[in-house]
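The structure under discussion appears below in the form of structure tokens.
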Amino acid sequence: MEGEVRRRALRGSLLAGVAWVVASLAAHAQESPRAADSGERGIALRKTVVTREFEGETIEGEERVVAPGESLWRILIDEKGLSPRRFNRYLHLVQRLNPRMGSRTTLRVGERVFIPLHVEEELGPAQKDAGRLRARPAAEPAAITEYRIRPGDYLYRILREQLGIRDERDLALYFALVKDLNPERRNWDRLLEGEVIRLPSREGTPQGGRTIAAAGGVGGTARPSVPFESESLAAPAPRSPVAPPLEPRQLPARRHLELLEEAVRAVGCVFASEGEEDLALAEGTVRLNRASFPVASHPKLGQKVILDIGDKIPPALREKLGSPAIGVPVVTLQERSTIDEAVRQVLSRLGFQLLPADRPVVLNDGGIAYEASGAWIALAPQESDRPQEIFVLTFGGSAVPDEVENGLAQKGLHLRPIGASHAAARSSGAGESPPSGPAPEIKVWPREKPLVVDALLNAYGVRFEAEQTVSAEVYDGLSFGLRADRVFQLNGRRTALLFGRAEPELKKLLQEKQAIRIVELDLGTLSVRELIARLLSELGQKVAYRENRFPASNDRRGLAVNAWGFLLPERALFLTDREIPPSLHRFFFEKGLQIVYFQ
């Protein structure tokens, strides 16, 4: 009986507790109409709110750990329901709140990103346009389109043709937006036929794919996003991340044939745009005026290519010319054909193999690695009596030093800058004169490790005494002495170098009584490389033995020289234990560096 009473009491307590929880949830729901109106079902857990100091104010937000497939567009526009027109504003704010992002527009899986709770408020009232730029409700997701890549497509062409964008500023803005919508893609220089990318839809423009709702809408209707619009002149827009300008290789080929001609000549082929070309057919002879139909030819292979500007050659004749019996293929340049497309088609038909332009060619020579990258990298046809040659074609930048270029050419790597500026420089004879001025001085440090220490101290202007005794008096009439291999003043403090180990008690005594800094360099266990690194650290130089990259041209595409060693720019020294070819001695000299070999 007593047990039954206890069970009833316990059941009553549990029921009362459940009733209290239900009443509390109901009261919370009444006090929070915002949650009730959001359309969410069930109990939603509020994310932990963190704060961050920003420009003198405390900003509330959340720390997000980026999951696969997440992007700033999805977080800000789809989840928070903010206006697509102001996406670049939000992007700029998030980048400033997350300095580690820099100018990146994509998120990396696993990184932490701080997202403010009230993005619109953090932009400031001076930057808002309450009449036109209000946040879109979260229930109306923005629309995106899936677009399948076609032959010859590149991103700027897609933006112009599929979204109808012509303004350069809008192209830059949409370029950044498309990159954010496709965070999994890293290389936008090369789009492969059949790949699918996501594009923001735009009203009144042709669509190249099917429209789908962005994440967040179940059964909702997709609505095209609104084009970017300029903000009020009263509040200048902060500088937004701008996509790279159109590269010369994206220029229309028909209006820039001179670039195609330079590319053909750069690989050792012939480009003829004058006179006439006679081709023998079974039915007779075809005569072409090269002014209208330029001809590119490979003199060693005897291969020719005809350029059909404007698709004027009839299809039947084009097929016959390209047949094995005649072997003169025709490359048609349409209105939308780019220089990149034209160069690739012409060179490939002349027997060259085009390598991926996003992967540099690396040539190792002794202790040096040459890293060459360009707009096109063409592997020449194999010849039986010589190594296969590689041609790297670049736009812009300064020419590579002649001695470096000639040395690489002997090894089969040819650097060919093209463009009007280079043509003018070469025609005027620039860069053809031999190097002038004093010959670069090369130093070789001795093998003995104590002499390496002396050489490095001398390089930093540290005056030292060799084999000195430093002593400390413990009591009246009682003192201890320690034989130091090198003694000098460094940063106002007396320093003693020991080429071995000292008794810990004696070292402690000297440091406490005489304020002498004891540095132990065990020459028996340290290599020369480790010895230099350790001594540089003691001298206050945070320099490591590593691969250093020295650009050989001003262009981001071009040649770079990679060399392993200690780079000491404040002392104009490059310390290395690897061989540097003599052709690069002046290159380092003109960089303001003296080469020092240690062994």
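Values in this document were obtained by computation on a predicted structure and should not be read as measured data. Any value given below was found using the heavy atoms of this structure, including those in side chains, with hydrogens, waters and symmetry copies removed. In what follows, residues are counted from 1 in the order of the sequence shown.
Ring pair His298/Phe352 is tilted by interplanar angle, where 30° to 60° counts as tilted. Aromatic ring pairs are classed by plane angle as parallel below 30°, tilted from 30° to 60° and perpendicular above 60°; the pair His414 and Phe391 is parallel.
Distance alone, capped at 3.5 Å, places no donor-acceptor pair between the Arg64 side chain and the Val113 backbone. Between the Glu530 side chain and the Ser527 main chain, a donor and an acceptor come within less than 3.5 Å of each other. In this structure, the side chain of Gln468 does not engage the main chain of Glu465 through any donor-acceptor pair within 3.5 Å. Not a single donor-acceptor pair under 3.5 Å links the side chain of Glu590 to the backbone N or O of Phe587. At least one donor-acceptor pair under 3.5 Å links the side chain of Asn98 to the backbone N or O of Phe114.
With a 4.5 Å cut-off on side-chain heavy atoms, Val65 and Val109 do not count as touching. Taking the side chain as every heavy atom from C-beta outward, Pro450 and Asp485 never approach each other to under 4.5 Å. Residues Ile532 and Leu456 are in side-chain contact: their nearest non-hydrogen atoms beyond the backbone lie under 4.5 Å apart. For the pair Leu350/Leu301, no side-chain contact is recorded, criterion being any heavy-atom separation below 4.5 Å from C-beta on. Between Leu573 and Arg571 the shortest side-chain heavy-atom distance falls below 4.5 Å. Between Asn548 and Trp564, the closest side-chain pair of non-hydrogen atoms is not below 4.5 Å. Annotation: side chain of Lys542 is in contact with side chain of Ser537 (closest heavy-atom distance under 4.5 Å). Residues Phe499 and Asp522 are not in side-chain contact: their nearest non-hydrogen atoms beyond the backbone lie 4.5 Å or more apart.
Rounding to the nearest 0.5 Å gives a distance of 10.5 Å between CZ of Arg265 and CG of Leu260. Rounding to the nearest 0.5 Å gives a distance of 10.0 Å between CG of Leu539 and CG of Leu568. Atom-to-atom distance recorded for Ile339:CD1 and Leu251:CG is 7.0 Å, nearest 0.5 angstrom. Rounded to the nearest 0.5 Å, atoms CD1 (Ile115) and CD1 (Ile59) are 13.0 Å apart. Atom CG of Leu584 sits about 8.0 Å away from atom CG of Asp365, to the nearest 0.5 Å. To the nearest 0.5 Å, atom CG of residue Leu497 and atom CG of residue Leu535 are 6.5 Å apart.
Residue pairs satisfying the salt bridge (Lys or Arg N to Asp or Glu O under 4.0 Å) criterion with at least one member in residues 442-456, sequence neighbours excluded, are listed as follows: Asp454-Arg486.
Across all non-hydrogen atoms, the minimal contact from Pro551 to Lys591 is O-NZ, 2.7 Å. Contact detail for Trp445 and Ala455: the closest heavy-atom pair is CE2-CB, 3.5 Å. Contact detail for Ser348 and Leu354: the closest heavy-atom pair is N-CD2, 4.1 Å. Taking every heavy atom of both residues into account, Gln599 and Val528 meet most closely at O-CG2, 3.0 Å. Nearest heavy-atom pair across Arg108 and Val66 is O-CB, 3.3 Å. Residues Leu347 and Val267 share a closest heavy-atom pair of CD2-CG2, 3.8 Å.
More than 12 heavy atoms of other residues, nucleotides or ligands sit less than 6.0 Å from atom CG of Asn364. Within a 6.0 Å radius of CD in Gln382, more than 12 heavy atoms belonging to other residues, nucleotides or ligands are found. Heavy-atom contacts from other residues, nucleotides or ligands closer than 6.0 Å to CZ of Arg493 number more than 12.
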Quick one, Leu415 with Leu393, criterion side-chain contact (heavy atoms from CB on, under 4.5 Å). Give me CA distance, side-chain angles, the key distance, then yes/no.
CA-CA 6 Å; Leu415 307 175; Leu393 311 184; over 6 Å; no
Under the side-chain contact (heavy atoms from CB on, under 4.5 Å) criterion, do Ile75 and Leu107 qualify, and how do the steps go?
CA-CA 11 Å; Ile75 294 173; Leu107 300 178; 4.0 Å; yes
Take Leu408 and Leu559 through the side-chain contact (heavy atoms from CB on, under 4.5 Å) test and state the conclusion after the steps.
CA-CA 11 Å; Leu408 293 176; Leu559 181 70; 3.8 Å; yes
Trace of the side-chain hydrogen bond (donor to acceptor under 3.5 Å, both in side chains) decision for Asp340 with Trp376
CA-CA 8 Å; Asp340 182 57; Trp376 301 283; 2.7 Å; yes
I'd like to know whether Leu575 forms a side-chain contact (heavy atoms from CB on, under 4.5 Å) with Ile595, so could you lay out the CA-CA distance, the side-chain angles of the two residues, the decisive distance to 0.1 Å, and finally the verdict.
CA-CA 6 Å; Leu575 313 181; Ile595 298 174; over 6 Å; no
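Arg534 has a carboxylate O that lies under 4.0 Å from a charged side-chain N of Glu538, or vice versa, which qualifies the two as a salt bridge. Under the 4.0 Å criterion applied to side-chain N and carboxylate O atoms, Glu520 and Arg501 are assigned as salt-bridge partners. For the pair Glu405 and Arg416, the salt-bridge criterion is met [side-chain N within less than 4.0 Å of a carboxylate O].
Centroid-to-centroid, the aromatic rings of Tyr597 and Phe574 stay 6.0 Å apart or farther.
In this model, no donor atom of one side chain and acceptor atom of the other lie less than 3.5 Å apart for Asn562 and Tyr370. A donor and an acceptor atom, one from each side chain of Glu570 and Tyr460, are located under 3.5 Å apart.
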